[in-house]
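Beneath this line is the structure, given in structure tokens, with notes to follow.
When a residue number appears, it is its place in the shown sequence, counting from 1.
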Amino acid sequence: MEKIGFVGLGIMGAPMAGHLLDAGYEVVASDHRGALPAELVGKGLKAVTGHQALAKAADIVILMVPDTPQVADVLFGENGVASGLAKGKLVVDMSSISPIETKEFAKKINALGCDYLDAPVSGGEVGAKAASLTIMVGGEDKPFERARPVFEKMGKNITLVGPNGVGQTTKVANQIVVALTIEAVAEALVFASKAGADPAKVRQALMGGLAASRILEVHGDRMVKRTFAPGFRIELHQKDLNLALQGAKALGVSLPNTSMTQELFNSCAANGGAKDDHSALVRALERMANFEVGSEAADTKGKAA
């Protein structure tokens, strides 16, 4: 089994790396930001000092960090991954970042005699913990087949979508669908709740019809129960929709509902909710309605946060 270097042991990365350890992979991580998660160390995670050392120690390097600048720094910063690579190694970026920058990163890694895959994921913290992530891959066939056994330990729906950059483009498209569906669920629950219906029962009823979706199931439940600890932070979804809107501008494409949903996320962030789960988008609609999902409809003052 190939040795895995893993950069980014956060909400998503930690359970993903845990599944690799459970499957018997030797996994190393850099300790440059402090102590590694104790649970993973207990499973056999090894520490190295710095990204260069990680790249030297690993056959496959996986990145799971928040945004494009972090990927650039990990790969090409001082003592970065690129400085420790040897010919034949594979770099897999599972972050959600700019498709345009991804193509440039791939070219630089390829020039070192190494392969590169962009492989962003969907499924959130729940999918990461359940090893049921959807993995959207950009790259060539041979490195994809090399990485497939690793992907299969972290996800279920694994698709080579096209060349480098297309994985990230697919993730941006995914984030458009997710954001707009969260917004639709939020509108429906605010409307139904203020009309006097029990939002939990409304959600249950809708789950049996054409409106059923994973987002109605998971995030509708969060809205009803007011459980907005992340999951997937609003500030990260803002980042993804910025990529969508920037790409749309370059392509001459109009994304009117994406723009509107981004404004709702912006409202949440401006009111202190940037680090809340993206299901907390409902709070922007609640502020406009002066009513909180689950409140008594007769309470015309509302309780919106």
Side-chain angles (χ1 to χ4, degrees), residues 6 8-20 62-68 70-71 92-99 101-102 117-139 144 147-148 150-186 212-223 228-245 247-248 255 257-258 261-262 265 276-281:
F6 208 107
L9 298 173
I11 289 175
M12 299 287 289
M16 292 164 68
H19 294 311
L20 297 178
I62 295 176
L63 281 65
M64 189 63 180
V65 298
D67 202 351
T68 308
Q70 286 78 32
V71 173
V92 181
D93 179 27
M94 303 189 78
S95 319
S96 297
I97 69 166
S98 165
E101 293 299 314
T102 290
L117 298 173
D118 48 294
V121 304
S122 179
E125 182 183 13
V126 173
K129 289 182 174 179
S132 61
L133 293 168
T134 289
I135 305 176
M136 302 155 261
V137 187
F144 173 70
R148 185 195 290 273
V150 177
F151 290 149
E152 288 174 345
K153 301 300 181 291
M154 298 182 286
K156 298 296 184 186
N157 181 23
I158 303 160
T159 307
L160 179 61
V161 188
N164 285 130
V166 177
Q168 295 294 353
T169 296
T170 305
K171 178 57 187 289
V172 171
N174 177 86
Q175 295 303 81
I176 293 172
V177 174
V178 170
L180 270 60
T181 308
I182 289 175
E183 196 279 335
V185 169
S213 71
R214 182 67 172 156
I215 287 170
L216 177 62
E217 178 187 359
V218 175
H219 294 311
D221 188 58
R222 283 176 173 268
M223 294 173 196
F228 297 129
F232 186 79
R233 300 192 302 274
I234 281 175
E235 62 187 355
L236 293 179
H237 214 139
Q238 286 180 289
K239 175 260 298 182
D240 291 339
L241 294 192
N242 279 337
L243 293 175
L245 295 169
L255 301 177
N257 289 328
T258 301
T261 303
Q262 181 73 313
F265 279 137
D276 288 341
D277 186 79
H278 52 174
S279 59
L281 176 145

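Residues meeting the side chain to side chain contact (heavy atoms under 4.5 Å, CB included) test with Thr134, sequence neighbours left out: Ser122, Met136, Asn157. Partners of Asp277 according to the salt bridge (Lys or Arg N to Asp or Glu O under 4.0 Å) rule, which considers only residues two or more places apart in sequence or in another chain, are Arg222. Partners of Asn242 according to the side chain to side chain donor-acceptor pair (under 3.5 Å) rule, which considers only residues two or more places apart in sequence or in another chain, are Gln262. Taking Lys129 as the reference, Pro15, Glu125 meet the side chain to side chain contact (heavy atoms under 4.5 Å, CB included) condition, with sequence neighbours excluded. For the salt bridge (Lys or Arg N to Asp or Glu O under 4.0 Å) test, no residue two or more places apart in sequence or in another chain qualifies with Glu152. The ring pair (Phe, Tyr, Trp, His ring centres under 6.0 Å) check on His237 picks up Phe232, Phe265, His278, with sequence neighbours excluded. Residues passing the side chain to side chain donor-acceptor pair (under 3.5 Å) test with Gln238 are Asn266, sequence neighbours excluded. Residues that satisfy the side chain to side chain contact (heavy atoms under 4.5 Å, CB included) test with Ala186, not counting sequence neighbours, are Met223, Leu281, Val282, Leu285. Under the side chain to side chain contact (heavy atoms under 4.5 Å, CB included) criterion, Leu160 pairs with Val137, Asp141, Phe144, not counting sequence neighbours. With sequence neighbours excluded, no residue satisfies salt bridge (Lys or Arg N to Asp or Glu O under 4.0 Å) with Asp67.
The shortest heavy-atom contact between Leu9 and Ala17 is CD2-CB, 3.7 Å. Val185 approaches Gly220 most closely through the heavy-atom pair CG1-CA, 3.9 Å. In plain terms, the two heavy atoms of Thr258 and Ala244 that are nearest each other are CG2-CB, 4.4 Å.
Distance check, rounded to the nearest 0.5 Å: OG1 of Thr68 to CD of Glu101 gives 6.5 Å. Distance check: Leu241 CG to Ile234 CD1 gives 11.0 Å after rounding to the nearest 0.5 Å.
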Which pairs would a plain distance check flag for residues 166-173, meaning a side-chain donor or acceptor within less than 3.5 Å of a matching protein atom at least two apart in sequence or in another chain?
| from | atom 1 | to | atom 2 | distance (Å) |
| --- | --- | --- | --- | --- |
| Gln168 | OE1 | Ile97 | N | 3.0 |
| Gln168 | NE2 | Ser95 | O | 3.0 |
| Thr169 | OG1 | Gly165 | O | 3.1 |
| Thr170 | OG1 | Val166 | O | 2.8 |
| Lys171 | NZ | Ser96 | OG | 2.5 |
| Lys171 | NZ | Val121 | O | 2.7 |

> Are Val92 and Val150 close enough, and set up right, to give a side-chain contact (heavy atoms from CB on, under 4.5 Å), and what steps lead you there?
Replying inline: CA-CA 11 Å; Val92 181; Val150 177; over 6 Å; no
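Two residues are said to be in side-chain contact when any heavy atoms from C-beta on lie closer than 4.5 Å; Met94 and Met12 fail this criterion. The side-chain heavy atoms of Leu133 and Met16, taken from C-beta on, include a pair separated by under 4.5 Å.
Of the residues Leu117, Thr159, Val161, Ile158, the one that meets the side chain to side chain contact (heavy atoms under 4.5 Å, CB included) test with Ile135 is Ile158.
No donor-acceptor distance shorter than 3.5 angstrom exists from the side chain of Asp118 to the backbone of Asp93, with no hydrogens or angles considered. No donor-acceptor pair closer than 3.5 Å links the side chain of His19 to the backbone N or O of Gly155.
Applying the side-chain hydrogen bond (donor to acceptor under 3.5 Å, both in side chains) test to pairs two or more places apart or on separate chains, those with a residue in residues 175-186 are Gln175-Asp240.
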